[in-house]
> 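First the structure, then my questions, so here it is.
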Amino acid sequence: MGQNRIHHHHRGFIANLGYFFTRWGATGHAPLSNMFEFTTAFGMTLVAGFIVIYALYKTPVVGMVVLPVALLIIAFASMFPSEVSPLIPALQSNWLAIHVSTVVLAEGVLAISAAAGLIYLLKVVDLNKKSKQRFWLEAIMYSLVLVVGFVVASSYFTLTGYQSDFTYVDKEGAAAEITYHMPAIFGMHEYEQLSEDKMTPLMETPAVVNAGKLTTVTWSLIVGTILYWLIRLIARKRIAAIFKPFVKNVNLQLMDEIGYRAVIIGFPLFSLGALIFAMIWAQIAWSRFWGWDPKEVWALVTWLFYAAYLHLRLGKGWHGEKSAWLGVIGFAIIMFNLVAVNLIIAGLHSYA
Amino acid sequence: MEKIQCQCGHLNPPGTVLCEACGRSLTEKEQKSKLVDMRYEGTARRSQTYNKSIIDKIWNFFSSVKVGVSLIVLLLVAAAIGTILPQKAYIPATTAAEIKAYYTDVYGSVGRVYHFLGFHDMYSSFWFILLVGLLAISLIVASLDRFVPLYRSLKNQRVLRHISFMNKQRIFADGPGADDSLQKAEAKLKELKYKVTTDKNGLLAEKGRFSRWGPYVNHIGLIIFLFGVMLRMMPGFYVDESLWLREGETRAIPEAPGYSLESKGFELETYTGEDDEAVFNEAIDRVGSVAKNYQTDIVLYQKPEDSLPGATDLEKVKESSIRVNEPLKFDGYAIYQMDFRLDELKAMKFQLTNKETEESLGELTIDLINPEKTYEFENGATVNLLGYYPDFSGFENGEPQTATPLPNNPGFLVEMKTPETPDGETSFITIKNTVEPFGENQYKLAFQAAETRDVSGLTIRKDRTLPILGLGGLIFMIGVAQGMYFNHRRFWIQQKADGEILLAGHTNKNWFGLKKDLDQVTEYASLPAYVDQQEEIEKAEKLESEEQS
Ligand code: HEM
């Protein structure tokens, strides 16, 4: 199976690259300026990271985790508006493209350490005994299913063309409008529903909460949780246990080494893209190289996290399972920066 | 403390773990362990040797990686907490009281606690800066503690090591070899770009030693960067000013002595969605208009060097435009297009009119930035501007007030004298209405038209620390690349008189790569098969734990 799959994958990757450059041609800028474009690119670089590691270690098993996750990320990306957006003046800089493409590439490579870590954990964690490790490993599986839940819920309501309009009062006290694309579970602050025959919100939220996004999250949770339990009912075991047989023959030492190697390759790239290039661009566009805005801070947090990882690895005690957990946590931080900081925290800030 | 004499006769500095000359273990702990600890070549590190005086204790504290990692993690957590709610620089409030009220009003009790704990100004808080300072100290101490002994020991390496050094390396082999094994191994290792030194019956092959300096180089880069950041607090290194410049206006550039800037015009372009912008139509429809360009066309002037103090003659330096992402640069300064105000009032035109007959005595134009005091008409009538309130905000104790110096809502207190009314009539005029404080007037100033113009919000920066920060960043990148994209590999090989081969291998990273090299050498030179002793130990431990359970 190994060889075939890999070749397939290269082909998929090239098709993906083709798409990337076509889009570049159409818009006149590198397609890295909105959530859809950035996240799709991340799916691509994840595969690129796998290709690099595969070239070094010839381990198809890493692909077993990376490829489905990359697919999931691209499916996730496709739920966002895919229109090509014009660039506001601050974004019209070559440094932006240089900065963002280095960052996604670095994140793709760093994510490989999470994939290797996950395989490591799938093999070593004992699923027959109750333990913290067993709980968290299953939590990782559950969160992957939640992404599927989001994709399924979004696709369903998009295909059925669900739409419901509201007016509300925002946190600054101004009147505003919003369109929900999923049945409103939560209503915006002092909302009034304009559309008839549509589900009325069960609950109103305070002004600082974006009830529209909360509704989307809740639907994803509901659908994802149903899916999760369906899978468990059908398989009659934990999801982690479903994958366990596939990793039976994995060389743990090699997985540990791959996880570490991915960080070693990714860390300098990340430093260059997320800090140095970002600072150069910010200096040119915003007149200051650093402004402590949430995106910047989370890039710093990610960087500090991997610095801590590298220093912990200097001692023997953190090799193996602990490193594997750290690899997975690193990926969680990257995803948090991509999803939560873009969609939730940035939305809380008045300048966004 | 005394020097430690090894069995081989070499005198080692106190604190040495592995003899500098032959590699024998010198401490009891090291003698008992199955594998030697090769991290710093078993050299004497200050922090591992002295622990008496208070200075020793402080040194040891900062040199510990545990402490370093804790500092990194604390900073990481603090930085993350600062993003839960917006920092004070990003909220629409300026005074301390307004800021406090904003957090409570908008975010409720969470906001109150956040503000109370000082998290709203996390990154300039005392303890955040303290953490960064401690991190810098730790970086310096930890690096010195390790670099000096490591450098010495790698510089003075011997080829022949004691067997107890060899057989406690992670990669180890012993067994019979061929007659020419040593020569062939040397040839193959050279082909693999190793630097080989030989001594009697042994060889030392080494590759990529420079990568061992990577961490120290990158730490130096970080320290230079932090030093640069500190420097910007010193006067003269850093200028951050703003300037509102109106179309047609020439103003002195703040903090840039001798320089002035004239605005020829401000321009705001939005995407039209036409022609080759048609691809953006969907997005433009969804979000409304999208800005494409902000631009101020400027002329930069400088006072000639030989000009007298107080003289107003200016020399043109250059004419260009400032756009977002394309600041104007001169003499170490950079001017950025940051903000704008469209259609600010520039001047207002009035007619002096007889209220009853509607007959006009003529027009006057009041410049809202530099109004004149008196306006004269052909037939001898005059209008005196007694008071000008550019941003009229109401009366206080009968006095008109202005909220800002910007002409947002101009108010004029005027005295009108005509041949008919030589004593003068007083009137207070604003855009919305006219007040006649001393009774009914015969004449009025009737509003005719207003002229507007755009204002560019510019930021003036000078940052003399940028070269230092850039240098720090560059050195950091060189250091990480050096330490992470390269690694240090070594093999020690000895052949005894009876043909028996002893082989040991070590690398600071990438054992996978080391083994790949060794596989080639082993095959070519018919060396005995090697074992990865760490893997053996782990396997044994695992077996043991499985048997117990
Ligand atoms: C944000 C701050 C820091 C960054 C980005 C950083 C970066 C690095 C990197 C990239 C390495 C190389 C790791 C490897 O090759 O595996 C390293 C090694 C090291 N760092 Fe740091 N470091 C930081 C702070 C510190 C601090 C505070 C200490 C204090 C204890 C420290 C002590 C060390 C030590 C002892 C090494 C190993 C040196 C060697 O192997 O020869 N670092 N650092």
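Every chain is numbered from 1, with letters handed out A, B, ... down the list of sequences. Note that this is a predicted model, so its numbers are computed, not measured.
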> Of all the heavy-atom pairs spanning B/Phe476 and A/Trp303, show the shortest one and how long it is.
CZ-CZ2, 3.5 Å
> Do the ring planes of B/Phe512 and A/Tyr57 sit parallel (below 30°), tilted (30 to 60°) or perpendicular (above 60°)?
tilted
> Looking at B/Lys66, B/Arg232, B/Gln337, which one has more heavy-atom pairs under 4.5 Å with chain A than the rest?
B/Arg232
> Please list, chain by chain and in numerical order, all residues satisfying side chain to side chain contact (heavy atoms under 4.5 Å, CB included) with A/Phe277, sequence neighbours excluded.
A/Trp95, A/Ile98, A/His99, A/Thr102, A/Leu272, A/Ile280
> Taking the six-membered ring for Trp, are A/Trp290 and B/Tyr123 closer than 6.0 Å centroid to centroid?
no
> Nearest 0.5 Å please: distance from the CZ atom of A/Phe267 over to the CG atom of B/Asn218.
7.5 Å
> Considering all heavy atoms of both residues, which atom of A/Leu56 and which atom of B/Lys516 are nearest to each other, and what is their separation?
O-NZ, 4.3 Å
> If I measure from the heavy atoms of chain A, does B/Val65 come under 4.5 Å with its side chain, its backbone, both, or neither?
side chain
> State, to 0.1 Å, how close A/His311 and B/Val69 come at their nearest heavy-atom pair, and which atoms those are.
CB-CG2, 3.5 Å
> Give, as side chain, backbone, both or neither, the part of A/Tyr309 having an atom under 4.5 angstrom from any heavy atom of chain B.
neither
> Which region of A/Ile276, side chain (C-beta onward) or backbone (N, CA, C, O), has a non-hydrogen atom less than 4.5 Å from a non-hydrogen atom of chain B, or is it both or neither?
side chain
> What part of B/Leu469 is in contact with chain A, defined as an atom under 4.5 angstrom from a non-hydrogen atom: side chain, backbone, both or neither?
side chain
> With a 4.5 angstrom heavy-atom cut-off, could you sort out which part of B/Leu466 is near chain A: side chain, backbone, both or neither?
side chain
> To check you understand the geometry: which heavy-atom pair defines the closest contact between B/Ile72 and A/Leu304, and what is its length?
CG2-O, 3.4 Å
> For B/Ala80, give me all partners under side chain to side chain contact (heavy atoms under 4.5 Å, CB included), at least two apart in sequence or on another chain.
A/Trp298, A/Val301
> Mind checking whether B/Asn510 and A/Glu257 have side chains closer than 4.5 Å, heavy atoms only?
yes
> Within the side chain of B/Tyr336, is there an N or O that forms a donor-acceptor pair under 3.5 Å with the backbone of A/Ile284?
no
> Looking at CE of B/Met477 and CG of A/Leu275, how far apart are the two atoms once the value is rounded to the nearest 0.5 Å?
9.5 Å
> Rounded to the nearest 0.5 Å, how far does CG of A/Leu300 lie from CG of B/Leu75?
8.0 Å
> Under 4.5 Å heavy-atom distance to chain B, tell me which part of A/Leu254 shows up: side chain, backbone, both or neither.
side chain
> Start with the C-alpha gap between B/Trp511 and A/Gln253, add the side-chain angles, then the distance that decides, and say whether side-chain contact (heavy atoms from CB on, under 4.5 Å) holds.
CA-CA 10 Å; B/Trp511 294 89; A/Gln253 185 116 30; over 6 Å; no
> Let's test your reading of the structure: which of A/Ala307, A/Ser271, A/Pro268, A/Ser287 forms the most heavy-atom pairs below 4.5 Å with chain B?
A/Ser287
> Check whether B/Tyr238 gets within reach of chain A through its side chain, its backbone, both or neither, counting any heavy atom under 4.5 Å.
neither
> Check whether any side-chain heavy atom of A/Phe289 lies under 4.5 Å from a side-chain heavy atom of B/Asp463, and answer yes or no.
yes
> Find the distance between NZ (B/Lys509) and OH (A/Tyr260) and round it off to the nearest 0.5 Å.
4.0 Å
